[in-house]
Amino acid sequence: MRIKRKKIIILCISLILAIVTAAWAWFTEPVTVDRAMQDRKVTNAVISYKTITKDGIAATTIQTQNVTEIKKVINLMNQYPYSRRLFATSPSNSSHYSDTHMIWISLGYKNGNGKPGIYNYLIYEYGYMQTSDSGEHLHPSGIGRFGTEKTKAFYSKITDLFHQLEGNSTWERTIDAS
């Protein structure tokens, strides 16, 4: 009888571990922009390059509705699938606000019913990232399942793309200092 009880306990623990592992794998599965958008039509792209200091925020923003230009951004973003993170170092620590740079990407879309929405990516230079869909709060995210190196590489690539696009006439440019 004792051996049977031990086998049942081991089986239950194994089952619980398998369920937790499967849930974690599903929750943190890397997602491309195309998959996150779920075939919704992207109608505009807005990219803001922001510098955060203890004195405020300075931002340069570019935006376009040009389909070819939007595809350039999405193609780059698809090369860096993101995953949701359960634990991530957030930028709320005041030491992060010493000349921190970040990129905020907003992809405006219309769903199948024509209802507008926005999908957001917020990427900090030191590898912290957040994503959200319309009406949601920002979720801790990152490129790949672990670490910040891939997110830093994504930040570098998207920043390079931003600087290439900001002089392009198909992108409208605004500067904000607050």
Side-chain angles (χ1 to χ4, degrees), residues 22-52 59-91 100-174 176:
W24 175 82
W26 170 81
F27 184 79
T28 62
E29 180 182 11
V31 177
T32 62
V33 173
D34 288 339
R35 184 166 164 216
M37 294 304 291
Q38 303 169 356
D39 298 323
R40 296 175 281 194
K41 183 182 177 194
V42 178
T43 56
N44 71 319
V46 178
I47 306 173
S48 293
Y49 178 79
K50 298 182 179 191
T51 301
I52 304 168
T60 301
T61 302
I62 57 174
Q63 59 185 346
T64 190
Q65 294 179 347
N66 182 292
V67 175
T68 304
E69 295 298 312
I70 292 170
K71 284 182 182 179
K72 281 182 194 176
V73 174
I74 291 174
N75 286 339
L76 176 63
M77 294 173 74
N78 278 334
Q79 293 173 32
Y80 294 88
Y82 76 91
S83 63
R84 293 175 286 188
R85 301 274 174 91
L86 295 174
F87 308 104
T89 305
S90 110
T100 295
H101 303 280
M102 61 178 264
I103 292 278
W104 187 299
I105 303 167
S106 296
L107 301 174
Y109 65 82
K110 291 198 177 189
N111 67 17
N113 298 330
K115 183 179 176 184
I118 298 173
Y119 206 90
N120 294 297
Y121 283 70
L122 176 62
I123 311 109
Y124 287 84
E125 66 184 330
Y126 54 84
Y128 182 75
M129 180 174 162
Q130 295 174 296
T131 55
S132 73
D133 201 348
S134 285
E136 296 180 349
H137 60 84
L138 289 164
H139 303 285
S141 303
I143 304 302
R145 283 192 164 130
F146 303 104
T148 60
E149 294 307 311
K150 290 179 182 177
T151 306
K152 288 177 186 177
F154 175 54
Y155 173 85
S156 178
K157 291 287 187 181
I158 206 74
T159 301
D160 290 346
L161 180 64
F162 171 83
H163 290 304
Q164 290 172 13
L165 297 175
E166 73 176 322
N168 186 325
S169 62
T170 58
W171 288 83
E172 181 183 328
R173 183 173 187 251
T174 59
D176 177 38

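The first residue of the sequence shown is numbered 1, and numbering continues consecutively from there. Worth knowing before you read on, the calculation uses all heavy atoms, side chains too, and leaves out hydrogens, waters and symmetry mates. Please read these numbers as outputs of a predicted model, since none were measured by experiment.
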Dump the intermediate steps for side-chain contact (heavy atoms from CB on, under 4.5 Å) on Gln38 and Asp133, then the final yes or no.
CA-CA 11 Å; Gln38 303 169 356; Asp133 201 348; 6.0 Å; no
Do you know which two heavy atoms are closest between [X] and [Y], and how far apart they sit?
X: Gly114; Y: Lys110; answer: O-CD, 3.8 Å
X: Val31; Y: Arg35; answer: CG1-CB, 3.9 Å
X: Pro81; Y: Pro30; answer: CB-CB, 3.8 Å
X: Thr61; Y: Ser48; answer: OG1-OG, 2.8 Å

Atom pair [atom1] ([X]) and [atom2] ([Y]), whose distance is rounded to the nearest 0.5 Å:
X: Leu161; Y: Asn75; atom1: CG; atom2: CG; value: 10.5 Å
X: Asn66; Y: Glu172; atom1: CG; atom2: CD; value: 13.0 Å
X: Met102; Y: Thr159; atom1: CE; atom2: OG1; value: 11.0 Å
X: Tyr119; Y: Met37; atom1: OH; atom2: CE; value: 8.5 Å
X: Ile103; Y: Lys50; atom1: CD1; atom2: NZ; value: 10.5 Å
X: Ile47; Y: Trp104; atom1: CD1; atom2: CH2; value: 14.0 Å

Does a side-chain heavy-atom distance below 4.5 Å link [X] with [Y]?
X: Ile158; Y: Tyr80; result: no
X: Ile123; Y: Ile105; result: yes
X: Val73; Y: Leu165; result: yes
X: Leu122; Y: Asn120; result: no
X: Met129; Y: Tyr121; result: yes
X: Lys72; Y: Thr64; result: no

State whether the side chain of [X] and the backbone N or O of [Y] hold a donor-acceptor pair below 3.5 Å, judged by distance alone.
X: Arg173; Y: Ser169; answer: no
X: Asn113; Y: Lys115; answer: no
X: Asn78; Y: Val33; answer: yes

Quick one: list whatever passes side-chain hydrogen bond (donor to acceptor under 3.5 Å, both in side chains) with Thr60, sequence neighbours left out.
none
What do the steps show when you test Tyr82 against Phe154 for ring-ring contact (aromatic ring centres under 6.0 Å, His included), and what is the final call?
CA-CA 10 Å; Tyr82 76 91; Phe154 175 54; 9.2 Å; no
Is it true that, when you exclude Glu166 itself, more than 12 heavy atoms of the residues, nucleotides or ligands shown sit nearer than 6.0 Å to its CD?
yes
Check the pair His101, Tyr155 against ring-ring contact (aromatic ring centres under 6.0 Å, His included), reporting the backbone distance first and the verdict last.
CA-CA 10 Å; His101 303 280; Tyr155 173 85; 7.8 Å; no
Are a donor atom and an acceptor atom from the side chains of Asp34 and Thr32 found within less than 3.5 Å of each other?
no
May I have all residue pairs that pass salt bridge (charged side-chain N to carboxylate O under 4.0 Å, His left out) and include part of residues 152-163, sequence neighbours excluded?
Glu149-Lys152
